Novice: 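Pasting in a structure now, in structure tokens, and then I'll have a few things to ask.
As the structure is a prediction and not an experimental result, all values here were calculated from the model.
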Amino acid sequence: MKNYKDLIKKLTPMNRVHIGEETRKAYKLLNKFYPKSKYLRFSSYEKYNYWEIPPEWKVDYARLTDEDGQVIVDYKRDGFLSLFSYSPSFHGKVRLHELNEHLFSNPLLPDAYPFYFRNMYNFRNPVWGFSIPYNKRKNLKKCEYSVEIKTSFKKSELEMLEDTVHGKLKDSILMVGHFDHPAQCADGLMGCIAAHEIIKRLRQKEKTKLTYRALSTIEIIGSVFYSKFVKKKKIKEGLVTALSGIKGPLVFAKSLNENSYIDRVFLHLLSYIKKSKIVGFRDAIGNDEIAFDVHGVNVKCSSLMRWPYKYYHSDLDNFDKFNESSFENYIDIIMKAIHMIENNYIIKLNINGLPKLASKELNLYISPGSMSGMSQESNELEKKINKIYTNNNKKNNDLKKLNKLMVLLPGLADGKNTILDVSERCSLPFELVEIYINLWTEKKLLKKIWKNPLASK
């Protein structure tokens, strides 16, 4: 496979249930593509906080036929979602009213096979059943149906992959996605690949200050078992990466108490992105944040996704929905967030008093845009800033705001405020304020001091 797009295309149609032969194969492909990722394994029936690792599930065949011999559902013909995941075996004849208790359809997606997942979390008492398109189901005739399902369960191992870029500090930020969901692309899988790509790209840069981790695991249960290690791994905050590569608006769901450092960073970033929305904890769709942002684990966990998604939890969530531009934009936003975390320095003025910024030696003066009712043209410094900072939304870097930045900076550079503090005060993007502050640093007017934002207070 040449690139991540080939990887996503290869992994999408695979039967990635909690534990199964194709799930193992999928993890091997993921590990081969990201060879620095490491396996974590847990044995079937291992228990933790009343959760239990499921056994491996195998399907030999599954068919539903009517009294005339017409095949209504065939697992091999209709795909992995046509049978309830972790369905037990069942052979027998049932009337339509009884059969309906074992059918699952979604009227909002009348031609889709919806994803029935509940058995995987209740494997001790699973129910047999078929997922079936609503348009097919509504035309079923009142007759006797033949059900033939042969499946088996055996003790095995639940797998997950962790990919880590080690920073100067051991304090970690975790990006987590769920790798399961049979034959589905956006939900889970795209988020996993986005997180691994971010780790891969961070490795190509200079050594980071903090440590960053990507985890591809089984939804909820995998994260619950992984959470046993968060203290040892010094994981302080987390971000669920989900539904990354589809067309649609960005939605950021804040951590449980809405007070994480990641919350603050993304609230600032997304305030400059038009098609974005901020919601509360699990107020869009719920993912693995609930396994981390909980008493005793205490990892503040937010999530970033594209939502709503019409084809959610159905076989229509296929590779055709993958949009590379959206995927790269999603990665770029998280990379910008990491840049902010890594570069949000405390700033302190090296002199006492107000510097003459218009002096020949400094040349850091920014005009207010107008003075005494007269318009002011951009000087060379302003043109330089605007050339470095490319932003389609020009109102973010107008002269009035840049002038306010210049005016406030001598007072705010008191050894207490950070670049983000200044950005918020001036209503300017972090990266633009950083450019101007770096110019002050080059003139030795400022010194920058980085303190670990994740350090325990």
Side-chain angles (χ1 to χ4, degrees), residues 8-9 11-23 26 54 56-59 62 64 72-88 99-123 125-137 149 151 158 177-193 216-223 240-246 248 282 284-288 290 303 305-322:
I8 294 171
K9 187 175 183 178
L11 292 173
T12 294
M14 299 182 76
N15 192 19
R16 289 170 283 108
V17 294
H18 281 189
I19 303 179
E21 182 180 357
E22 289 225 334
T23 308
E56 180 174 333
W57 180 63
K58 179 185 176 184
V59 181
L64 174 67
I72 307 302
V73 180
D74 187 318
Y75 181 75
K76 293 183 178 179
R77 180 194 70 188
D78 298 320
F80 297 130
L81 296 188
S82 64
L83 178 68
F84 287 6
S85 292
Y86 273 63
S87 171
L99 175 64
N100 271 322
E101 296 178 3
H102 296 269
L103 296 180
F104 183 53
S105 305
N106 182 358
L108 298 178
L109 293 173
D111 296 312
Y113 287 86
F115 176 36
Y116 186 93
F117 58 86
R118 294 189 178 277
N119 282 336
M120 293 193 287
Y121 297 95
N122 192 31
F123 68 88
N125 296 290
V127 296
W128 66 266
F130 297 95
S131 289
I132 183 172
Y134 177 77
N135 282 339
K136 180 182 283 190
R137 181 178 181 177
I149 301 173
T151 63
L158 184 142
H178 51 263
F179 193 64
D180 54 320
H181 286 38
Q184 292 158 80
C185 186
D187 187 16
L189 179 59
M190 286 186 194
C192 288
I193 304 305
S216 289
T217 188
I218 303 307
E219 188 173 8
I220 306 295
I221 188 169
S223 290
V240 173
T241 51
L243 298 158
S244 57
I246 54 174
R282 291 175 70 84
I285 54 170
N287 291 297
D288 289 41
I290 199 170
S303 61
M305 69 198 84
R306 294 190 184 277
W307 188 258
Y309 180 48
K310 180 180 179 180
Y311 308 109
Y312 180 68
H313 276 193
S314 79
D315 68 326
L316 298 181
D317 176 13
N318 52 44
F319 182 72
D320 289 343
K321 308 303 184 298
F322 176 72

Novice: Search all heavy atoms of Ile220 against all heavy atoms of Asn287 and return the closest pair with its distance.
Specialist: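 Minimum heavy-atom separation between Ile220 and Asn287: CD1-O, 3.5 Å.
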Novice: So, for Pro88 and Thr151, which heavy atoms are closest and what is the spacing to 0.1 Å?
Specialist: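 Shortest heavy-atom contact: C-OG1, 3.3 Å.
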Novice: Side-chain contact test, heavy atoms from C-beta onward, threshold under 4.5 Å: evaluate it for Phe130 versus Ile149 and give yes or no.
Specialist: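 Contact flag for Phe130/Ile149 side chains = yes.
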Novice: Of Asp78, Val59, Asp74, which is the lone residue that meets side-chain contact (heavy atoms from CB on, under 4.5 Å) with Leu83?
Specialist: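 Answer after filtering Asp78, Val59, Asp74: Val59.
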Novice: Are any of the side-chain heavy atoms of Leu158 and Thr23 separated by less than 4.5 Å?
Specialist: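 Leu158 vs Thr23: side chains apart.
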Novice: Could you walk me through whether Asn318 and Cys185 pass the side-chain contact (heavy atoms from CB on, under 4.5 Å) test, one step at a time?
Specialist: CA-CA 5 Å; Asn318 52 44; Cys185 186; 5.6 Å; no
Novice: Set out, in order, the CA-CA distance, both residues' side-chain angles and the distance that settles side-chain contact (heavy atoms from CB on, under 4.5 Å) for Lys321 and Tyr311, then state yes or no.
Specialist: CA-CA 9 Å; Lys321 308 303 184 298; Tyr311 308 109; 3.3 Å; yes
Novice: Could you check Tyr121, Phe104, Phe80 and say which one makes a ring pair (Phe, Tyr, Trp, His ring centres under 6.0 Å) with Tyr116?
Specialist: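 So, applying the ring pair (Phe, Tyr, Trp, His ring centres under 6.0 Å) to Tyr116 and each of Tyr121, Phe104, Phe80, only Phe104 qualifies.
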Novice: Taking all non-hydrogen atoms of both residues into account, name the closest pair between Ser216 and Cys192 and its distance.
Specialist: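 Residues Ser216 and Cys192, closest heavy atoms: OG-CB, 3.3 Å.
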Novice: Give a yes or no on whether Lys136 atom NZ has more than 12 heavy-atom contacts from other residues, nucleotides or ligands under 6.0 Å away.
Specialist: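 Yes.
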Novice: Do you know the tightest heavy-atom contact between Lys9 and Pro13?
Specialist: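 Of all heavy-atom pairs spanning Lys9 and Pro13, the closest is O-CD, 3.2 Å.
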Novice: Before you tell me yes or no, could you show the steps for Lys310 and Leu108 under side-chain contact (heavy atoms from CB on, under 4.5 Å), namely the whole-Å CA-CA distance, both residues' side-chain angles and the distance that decides it to 0.1 Å?
Specialist: CA-CA 9 Å; Lys310 180 180 179 180; Leu108 298 178; over 6 Å; no
Novice: Using ring centroids (six-membered ring only for Trp), state whether Phe123 and His18 fall under 6.0 Å.
Specialist: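 Ring-ring flag for His18/Phe123: false, centres at least 6.0 Å apart.
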Novice: Answer whether the closest heavy-atom distance between the side chains of Ile221 and Pro54 falls below 4.5 Å.
Specialist: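 Touching, per the 4.5 Å side-chain cut-off.
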Novice: Check whether any side-chain heavy atom of Ile8 sits under 4.5 Å from a side-chain heavy atom of Phe322, and report yes or no.
Specialist: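 With C-beta onward as the side chain, the pair touches.
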Novice: Has Asp315 got a side-chain atom pairing as donor or acceptor with Ala112's backbone, closer than 3.5 angstrom?
Specialist: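 Absent.
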Novice: Checking Thr241 side chain against Gly191 main chain: does a donor-acceptor pair fall under 3.5 Å?
Specialist: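 Pair found, side chain donor or acceptor close to backbone of Gly191.
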Novice: Looking at residues at least two apart in the chain, or sitting in another chain, which of them share a side-chain hydrogen bond (donor to acceptor under 3.5 Å, both in side chains) with Asp187?
Specialist: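 So Asp187 forms a side-chain hydrogen bond (donor to acceptor under 3.5 Å, both in side chains) with His178, His181, His313.
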Novice: As an exercise, state the distance from CD1 of Ile218 to CG of Asp180, rounded to the nearest 0.5 Å.
Specialist: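 One gets 4.5 Å once the value is rounded to the nearest 0.5 Å.
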Novice: Quick one: does Met305's side chain get under 4.5 Å of Val240's, heavy atoms only?
Specialist: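 With C-beta onward as the side chain, the pair stays apart.
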Novice: So do Tyr86 and Ile19 actually touch side chain to side chain, heavy atoms under 4.5 Å?
Specialist: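 SC-SC contact between Ile19 and Tyr86 confirmed.
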Novice: Taking only residues two or more places apart in sequence or in another chain, which ones pass side-chain hydrogen bond (donor to acceptor under 3.5 Å, both in side chains) with Ser223?
Specialist: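 Testing Ser223 for side-chain hydrogen bond (donor to acceptor under 3.5 Å, both in side chains), a comparison that skips the adjacent residues, returns Asp288.
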Novice: Side-chain contact test, heavy atoms from C-beta onward, threshold under 4.5 Å: evaluate it for Asn119 versus Ser85 and give yes or no.
Specialist: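 Side chain of Asn119 against side chain of Ser85, heavy atoms only: no contact under 4.5 Å found.
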Novice: Quick one: CD1 on Ile285 to OG on Ser303, what's the gap to the nearest 0.5 Å?
Specialist: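 Output value for this atom pair is 8.0 Å.
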Novice: Under a 3.5 Å distance rule, please check whether Trp57 uses its side chain to pair with a backbone N or O of Ser87 as donor and acceptor.
Specialist: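 It does hold such a pair.
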Novice: Testing the 3.5 Å rule here: is there a donor-acceptor pair between the side chains of Arg137 and Asn100?
Specialist: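 The answer is yes; a qualifying pair exists.
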Novice: Answer yes or no: is there a donor N or O on one side and an acceptor on the other, between the side chain of Arg118 and the main chain of Pro126, under 3.5 Å?
Specialist: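 Not at all, since once roles are kept as given, no pair shorter than 3.5 Å links the two residues.
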Novice: Between atom CH2 of Trp307 and atom CD1 of Ile246, what is the distance when rounded to the nearest 0.5 Å?
Specialist: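 So the gap between those two atoms works out to 8.0 Å.
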Novice: Does the side chain of Leu189 reach to within under 4.5 Å of the side chain of Phe179, using non-hydrogen atoms?
Specialist: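 A side-chain contact under 4.5 Å exists here.
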Novice: Less than 3.5 Å apart, any donor N or O on the side chain of Tyr309 or Asp317 sitting next to an acceptor on the other?
Specialist: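 Judged by distance alone, the side chains do pair up.
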Novice: Could you tell me which non-hydrogen atom of Pro107 sits nearest to which non-hydrogen atom of Ser105, and how far apart they are?
Specialist: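 Scanning both residues, the minimum pair turns out to be CD-O, 3.8 Å.
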Novice: Under the side-chain contact (heavy atoms from CB on, under 4.5 Å) rule, what do Gln184 and Thr12 come out as? Steps first, then yes or no, please.
Specialist: CA-CA 6 Å; Gln184 292 158 80; Thr12 294; over 6 Å; no
Novice: Compare every heavy atom of Phe84 with every heavy atom of Ser131, then report the nearest pair and how far apart it is.
Specialist: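 Nearest pair, atom of Ser131 first, then Phe84: N-CE1, 3.8 Å.
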Novice: Checking the side chain of Arg306 only, and the main-chain atoms of Ser244 only, is there a donor and an acceptor separated by less than 3.5 Å?
Specialist: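 Checking the backbone N and O of Ser244 against the side chain of Arg306, a donor-acceptor pair under 3.5 Å is found.
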